[in-house]
Amino acid sequence: MSEADTPNGEGARDFIREIIRADLREGRHSTVVTRFPPEPNGYLHIGHAKSICLNFGVAEEFGGRCHLRFDDTNPSREEQEYIDSIMDDVRWLGFDWGTHLYYASDYFEQLYLWAEHLILAGKAYVDDLSADEIRGHRGTLTEAGRNSPYRDRSVEENLDLFRRMRAGEFPDGARVLRAKIDMASGNINLRDPVLYRILRATHPRTGDAWCIYPTYDFAHGQSDAIEGITHSLCTLEFEDHRPLYDWFIDNLPVPSKPRQIEFSRLNLTHMLVSKRRLIQLVRDGHVRGWDDPRMSTLSGFRRRGIPPAAIRDFVRRVGLTKSENVIEMALLEHCAREVMNKTAARRMAVLNPLKVVIENYPEGQTEELDAVNNPEDPAAGSRKVPFGREIFIERDDFMEEPPKKFFRLAPGAEVRLRYAYFVTCTGVVKDAAGRVTELRCTYDPATRGGDSPDGRKVKGTIHWVSAQHAPVAEVRIYDHLFREPDPGARGDFVDDINPQSLTILTDSRIEPALADALPGEAVQFERQGYFCLDRDSAPGKPVFNRTVALRDTWAKIQAKDGKG
RNA sequence: UGGGGCGUAGCCAAGCGGUAAGGCAACGGGUUCUGGCCCCGUGAUCCCAGGUUCGAAUCCUGGCGCCCCAGCCA
């Protein structure tokens with residue numbers, strides 16, 4: 001569940017919670033009811049997580065409830081697949097709507113009746129203008145619009161026409177129902193907004209029962225009112241829809257009076273959080289699907305291995321305001337590491353293997369060494385790791401001509417093999433091309449377990465894996481999908497795609513205990529990062545995703561030195 | 001003289017007239033069988049200009065900058 005500090009809303013103190021607190025204190029409401037209202041036309045992304053955590057979080061903190069309501073008023077782009085994925089994602093994030101699952105389509109009949117109510121009150125009319133003509137009459141941002149020639153039809157004619165629209169007597173787009181408000185309003189949303197359009201498309205829920213569908217504006221607020229939503233929280237771009245939202249609430253016999261409050265959406269550097277562009281990435285094959293680990297979708301984060309608790313904490317930390325913002329990816333990564341540091345089991349895996357032969361280690365001998373599972377969690381216990389004469393170490397952990405502060409293996413240098421022995425490099429074997437293919441070392445039997453009885457210090461500790469006991473694994477290393485912090489800022493966002501966002505390692509070697517890794521479970525490959533088993537794994541063919549690398553100050557030092 | 005918002009450190013964000021919280025990042029240092037974790041230390045006068053006040057990031061006035069709106073999308 002969420003990280004709410006208290007059950008009485010005394011935790012977070014953002015402006016929305018302050019408003020709610022005041023509403024409760026001053027008796028405007030006795031309970032809090034919110035809703036998360038996704039349109040099922042795409043997958044949920046990290047931006048939605050903010051809304052989900054807010055709506056469900058607030059409800060929980062104030063002892064109220066939060067509804068999951070699908071805003072399914074446009075069957076031309078909505079699908080059951082999306083409905084299913086959205087429910088999965090909300091649950092995965094850690095929230096529960098209980099029995100409060102609703103669909104705007106559940107209210108189609110009521111909404112229709114309210115439309116007739118407006119017609120009867122002379123506040124809505126059927127317009128025969130085409131979409132283009134309506135646009136032409138709408139005016140511009142600085143000029144008032146003009147009334148439609150059909151604006152003054154009689155109540156009887158409007159009622160008749162609207163009923164015939166519902167009955168299917170007119171083709172798609174032939175007529176619409178419009179509210180009669182003010183074509184000269186500075187707020188374009190009030191220039192006689194469209195309430196109903198004729199649209200023949202099979203709806204995921206209502207099938208072909210309807211051929212007219214309400215617009216967002218006509219459906220949202222009334223749906224809120226029907227459900228008794230007290231605080232309807234949405235993003236900033238709906239701010240100027242609020243007068244219209246209120247107009248419907250004030251002009252219709254709705255059962256309750258919800259209040260819309262807007263907040264700024266969440267944006268992340270190096271990522272896109274726009275359904276339209278996410279769809280494009282999938283459709284054009286720039287990624288491997290909606291749940292590609294490089295995607296900003298919740299399913300992508302899940303497959304990547306980001307724990308839901310990290311996302312909840314992240315959302316809590318970015319705050320809630322009305323200011324435009326772009327959060328650095330580094331914060332999300334920090335949150336992910338913080339959660340996994342405390343929970344992930346430590347294992348050894350060699351991503352880019354370099355063979356090492358320990359010359360003075362008895363041929364054919366094997367032994368089991370104790371390794372701590374998680375230094376941050378004593379209860380996690382320890383495991384046995386096999387050791388032998390031939391091992392693999394990370395290629396990057398050896399340098400023939402090391403720079404000054406390189407605390408790893410180099411000719412003549414001694415390092416500790418984590419949980420095993422101190423070894424000293426005595427020889428380098430190369431192939432015809434001069435590439436290092438193997439290292440020869442000697443070990444000190446007295447340092448078994450990694451401690452030196454003589455108190456001798458060693459500069460570095462590196463990870464390793466016994467050649468004889470290490471299964472091969474595929475490891476997928478992810479980097480930002482976009483190389484620019486603000487993709488698309490200077491042109492087509494596709495041009496900003498990072499060509500190195502995915503590196504596939506096919507010859508990594510893992511310690512035996514990793515063969516038991518569970519899908520979705522975070523594990524730390526020591527000194528490298530957090531990983532999780534990917535669903536592409538097959539028996540005997542494990543595939544790991546790198547969720548996030550460990551902080552790497554050595555890499556930072558090198559980068560700095562490199563720049564001179 | 002269209003309407004609606006926003007403007008506090010590189011990125012977020014507290015602050016609600018009494019003399020600038022916190023987090024991330026960055027940079028120093030300590031510790032360490034993960035160059036991880038952890039620990040210590042380093043940064044702003046608050047978009048600008050006037051004004052009110054003993055005192056303003058907080059109030060007033062005028063500017064400037066940025067974002068959203070002209071779907072029968074949500």
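Protein chains get the first letters and strands the later ones, always in sequence-line order, with residue 1 at the start of each.
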Reckon [X] has a side-chain N or O less than 4.0 Å from the OP1 or OP2 of [N]?
{"X": "A/R337", "N": "B/C37", "answer": "no"}
{"X": "A/T215", "N": "B/C72", "answer": "no"}
{"X": "A/R197", "N": "B/A74", "answer": "yes"}
{"X": "A/R551", "N": "B/C37", "answer": "yes"}
{"X": "A/T553", "N": "B/G36", "answer": "yes"}
{"X": "A/H334", "N": "B/C24", "answer": "yes"}
{"X": "A/K560", "N": "B/G28", "answer": "yes"}
{"X": "A/R135", "N": "B/G71", "answer": "yes"}
{"X": "A/K556", "N": "B/A26", "answer": "yes"}
{"X": "A/R316", "N": "B/G22", "answer": "no"}

Check every strand shown and say whether [X] touches a base, only sugar-phosphate, or nothing at a heavy-atom separation below 4.0 Å.
{"X": "A/S185", "result": "nothing"}
{"X": "A/P37", "result": "nothing"}
{"X": "A/Y419", "result": "base"}
{"X": "A/R416", "result": "base"}
{"X": "A/I327", "result": "sugar-phosphate"}
{"X": "A/E39", "result": "sugar-phosphate"}
{"X": "A/S323", "result": "sugar-phosphate"}
{"X": "A/L266", "result": "nothing"}
{"X": "A/F238", "result": "base"}
{"X": "A/T73", "result": "sugar-phosphate"}
{"X": "A/D451", "result": "base"}

Kindly point out which of B/U34, B/A74, B/C24 is positioned nearest to the side chain of A/L331?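 So the nucleotide nearest the side chain must be B/C24.
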So which nucleotide from B/A74, B/U34, B/G36 ends up closest to the side chain of A/R527?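 Selected nucleotide: B/U34.
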Which sits closer to the 5' end of RNA chain B, A/L129 or A/R346, going by the nucleotide each is nearest to?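 Looking at RNA chain B, the more 5' nearest nucleotide goes with A/R346.
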Residue mapping more 5' on RNA chain B - nearest nucleotide basis, A/V326 or A/R242: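 Between the two, 5'-proximity favours A/R242.
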Just to verify, what does A/R276 make a side chain to side chain contact (heavy atoms under 4.5 Å, CB included) with, not counting sequence neighbours?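 Counting only residues at least two positions away or on another chain, A/R276 forms a side chain to side chain contact (heavy atoms under 4.5 Å, CB included) with A/S274, A/Q280.
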Determine if A/Y216 stacks with B/A74; use a centre-to-centre distance below 5.5 Å and an interplanar angle below 30° as the criteria.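 It does not: the two rings, one from A/Y216 and one from B/A74, miss the stacking criterion.
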How should the glycosidic conformation of B/G62 be described, syn or anti, under the criterion that syn lies within 90° of 0?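 Glycosidic conformation of B/G62: anti.
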Considering only heavy atoms and no angle criterion, is a donor-acceptor pair shorter than 3.5 Å present between the side chain of A/Q524 and the base of B/U34?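 By the distance-only test, yes, there is a pair.
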Ignoring hydrogens and angles, does a donor from either the side chain of A/H241 or the base of B/A74 sit under 3.5 Å from an acceptor on the other?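 Yes.
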So with a 6.0 Å cut-off around CZ of A/R283, is the heavy-atom count from everything else above 12?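 Enclosed.
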Do A/R35 and A/H220 get their side chains close enough for a donor-acceptor pair, meaning under 3.5 Å?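 There is such a pair (donor and acceptor under 3.5 Å, judged by atom type) between the side chains of A/R35 and A/H220.
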Roughly how many Å apart are B/G71 and B/G63, using the C1' atom of each and rounding to a whole number?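 That atom pair is separated by 36 Å.
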Inter-nucleotide C1' distance (B/C69, B/A14), Å rounded: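 It comes out at 31 Å once rounded to the nearest Å.
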In whole angstrom, give the distance that lies between atom CG of A/N325 and atom C1' of B/C11.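 The answer, rounded to whole Å, is 10 Å.
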